[in-house]
Protein chains: 2
Amino acid sequence: MSNAPAAANALDVLEHLSRHAEPLPAASIARDLGLPRSSVYHLLKVLHGRGYVTHYVEERRFGLGQAAYELGSAYQRQAPLARVARAAMRRLVDQCGRNAHFATLDGRDVIYLLEERAPGQPMLVTDVGVRLPAHLTASGLAMLSALPATQVRALYPDRASFVQRSGGGGPRSLAELRSILARTRADGHAREEGTVTPDLSSVAVPVLDRGGRPLAAVALTLRTADASSEHVGDLVARARVAAEDVGRRLSPSAVMTRR
Amino acid sequence: MSNAPAAANALDVLEHLSRHAEPLPAASIARDLGLPRSSVYHLLKVLHGRGYVTHYVEERRFGLGQAAYELGSAYQRQAPLARVARAAMRRLVDQCGRNAHFATLDGRDVIYLLEERAPGQPMLVTDVGVRLPAHLTASGLAMLSALPATQVRALYPDRASFVQRSGGGGPRSLAELRSILARTRADGHAREEGTVTPDLSSVAVPVLDRGGRPLAAVALTLRTADASSEHVGDLVARARVAAEDVGRRLSPSAVMTRR
DNA sequence: CGCCGTCGTCTCGCATCCGAGACAATTGTG
DNA sequence: CACAATTGTCTCGGATGCGAGACGACGGCG
């Protein structure tokens, strides 16, 4: 049993409030969390005093407060994903001799947060900050494959959602996308051949948080001509190790990338 | 002295981390917060175990974690601004017999979160979810007037930032905008006459958080022909009471709207 | 209108947690 | 390489925080 139970209880209260769309009465917070009523009132007083909880007096309920939002904003400003991933991506590139990149999902786009170039390899188009349609990239497909089907449908409500590249390729409908994602899950990695850049392929694996949701993806790039099955298998295994390492650092007790 | 000091200390640690762009060593957290080293390690262990803190082992530093971001997202999902403001806005409309709306700032836009229509008053164009350029609206000007000058400059870096309405009106440069904002601060309220809708004027006051930053604005609409000085003064006073009420509910120890 | 249930605050005694300080491991420096 | 500084973990005893339960206020209901 760790120390500082009041700290853990305070987090319990915040997380309980965050799981509900509506504010909650104090008594139900106490009941749901199995905490004494007076203890919950003490915690709410502290959290309210600090702005983490809003007290809706007329409704006699409590909800999250502005300070919770500010913490979330501060987290984003620290850019932890790229920070945590940098060393692991450097090692991956050193081991594989291939270019690697690290990206996250934003709506239907992937955003590239990191790229590491191996000596002698061609320049990547995926500069940091660049956005590309998720369904046309290995990284995007890796992350989409880790989302619930309902969320994928919400992202791609109609055929107009499927932006095309001038050279063609990539799914044109939700049914096609689902089929690709099912194969991605079966293979344990996503693959893209020549859709982003002719003659170059990428393989990618997702980085999952402890709830199993995709935080990011790790991808390696190789010449399509070099992409034999054994070679791809080896790269995927190494990318997966890097992804698991990053996942562990970001989320204690993280669910590992899909095996 | 309130109870649950460990809860308060945990929040201190999180807020300390959120004030820094870079992760921090545990010893400097303890020193800066005046807490015992072993207590800080206990708290970091709990916060890390729950995902609120990321431990950068190689750097031997600690930063905010994914769970901080999730709290912030959950706060947004609960839509607390509109929830808190609804009753106060209803009362304001009942007292004044005028249409009222409640909006927040998003970049250079205002977004309308609430509108309350008074009986016999014309329909508003400011439907919930509508965005309008902040510098052309009373609500936007009220909130901009509460921002630091550097932040206003960052929002409006050049003349192209000043979107025009087809009927003209509104500032066209940063110097013009600053002049209007200075007058808004002097008056204690913002005023817009006919820029959004011909023959209709609005007066607005900002809702401030406890750090003095604008969270939202409360506005009342009236016919330009009715806008005598005494009448406007009365509406402004009532809008201010509503804004202060909302500010108090959102932020304990909130700084009141500017007097 | 009276009664009941709930909310929010408060008291106080005891069980538990906090924090001083020891220790091993690691890193930095001359 | 040796020494100093720092990190991170651990122990344990005394001080303090937690929580049972009382209480007043308020709202709902018959």
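Note that the structure is a prediction, hence the values are computed from the model and not measured. Convention: sequence-line order gives letters A, B, ...; per-chain numbering from 1.
- The CZ atom of B:Phe62 sits 13 Å away from the C1' atom of D:dT6 (whole-angstrom rounding).
- Between A:Ala6 and A:His55, the residue anchored nearer the 5' end of DNA chain C, judged by the nucleotide with its closest heavy atom, is A:His55.
- Checking D:dT7, D:dC10, C:dT9 against every side-chain atom of B:Ser38, the shortest atom distance belongs to D:dC10.
- Between B:Tyr41 and D:dG8 there is a side-chain polar atom (N or O) within less than 4.0 angstrom of OP1 or OP2.
- Side chain of A:Gln78 to backbone of B:Leu17: a donor-acceptor contact under 3.5 angstrom is found.
- Judged purely by atom type and a 3.5 angstrom limit, A:Arg61 has no side-chain atom pairing as donor or acceptor with the backbone of A:Tyr56.
- Ionic pairing of B:Arg213 and A:Glu70 is present here: one or more N-O contacts between side-chain nitrogen and carboxylate oxygen are shorter than 4.0 angstrom.
- Evaluation of atom-type donor-acceptor distances gives a pair under 3.5 Å for the side chain of B:Arg37 against the base of D:dG8.
- No side-chain heavy atom of A:Val93 sits less than 4.5 Å from a side-chain heavy atom of A:Asn99.
- Classified by interplanar angle (parallel below 30°, tilted 30° to 60°, perpendicular above 60°), the ring pair A:Tyr69/B:Tyr75 is tilted.
- Following rounding to the nearest Å, A:Leu44 (CG) and D:dG19 (C1') show an atom-to-atom distance of 15 Å.
- Rounded to a whole Å, the CZ atom of A:Arg61 is 21 Å from the P atom of D:dC26.
- In this structure, NE2 of A:His42 is placed 12 Å from C1' of C:dC12, rounded to the nearest angstrom.
- DNA chain D is contacted by both A:Asn9 and A:Arg60; A:Asn9 maps to the nucleotide lying nearer its 5′ end (nearest heavy atom per residue).
- Each of C:dG8, D:dG19, C:dG19 was ranked by its minimum atom distance to the side chain of A:Ala26; first place goes to C:dG8.
- Between A:Ser39 and D:dG19, a side-chain N or O to OP1/OP2 separation shorter than 4.0 Å is present.
- Protein atom CD of A:Glu58 is 10 Å distant from nucleotide atom P of D:dG27, rounded to whole Å.
- Rounded to whole Å, the distance from CG on B:Leu33 to C1' on C:dG19 is 16 Å.
- Nucleotide D:dT9 holds its P atom 13 Å from the CG atom of B:Leu43, rounded to whole Å.
- Here the P atom of nucleotide D:dG8 and the OH atom of B:Tyr56 are 14 Å apart, to the nearest Å.
- Residue order along DNA chain C, read from the 5' end via each residue's closest nucleotide, puts A:Val57 first among B:Pro36 and A:Val57.
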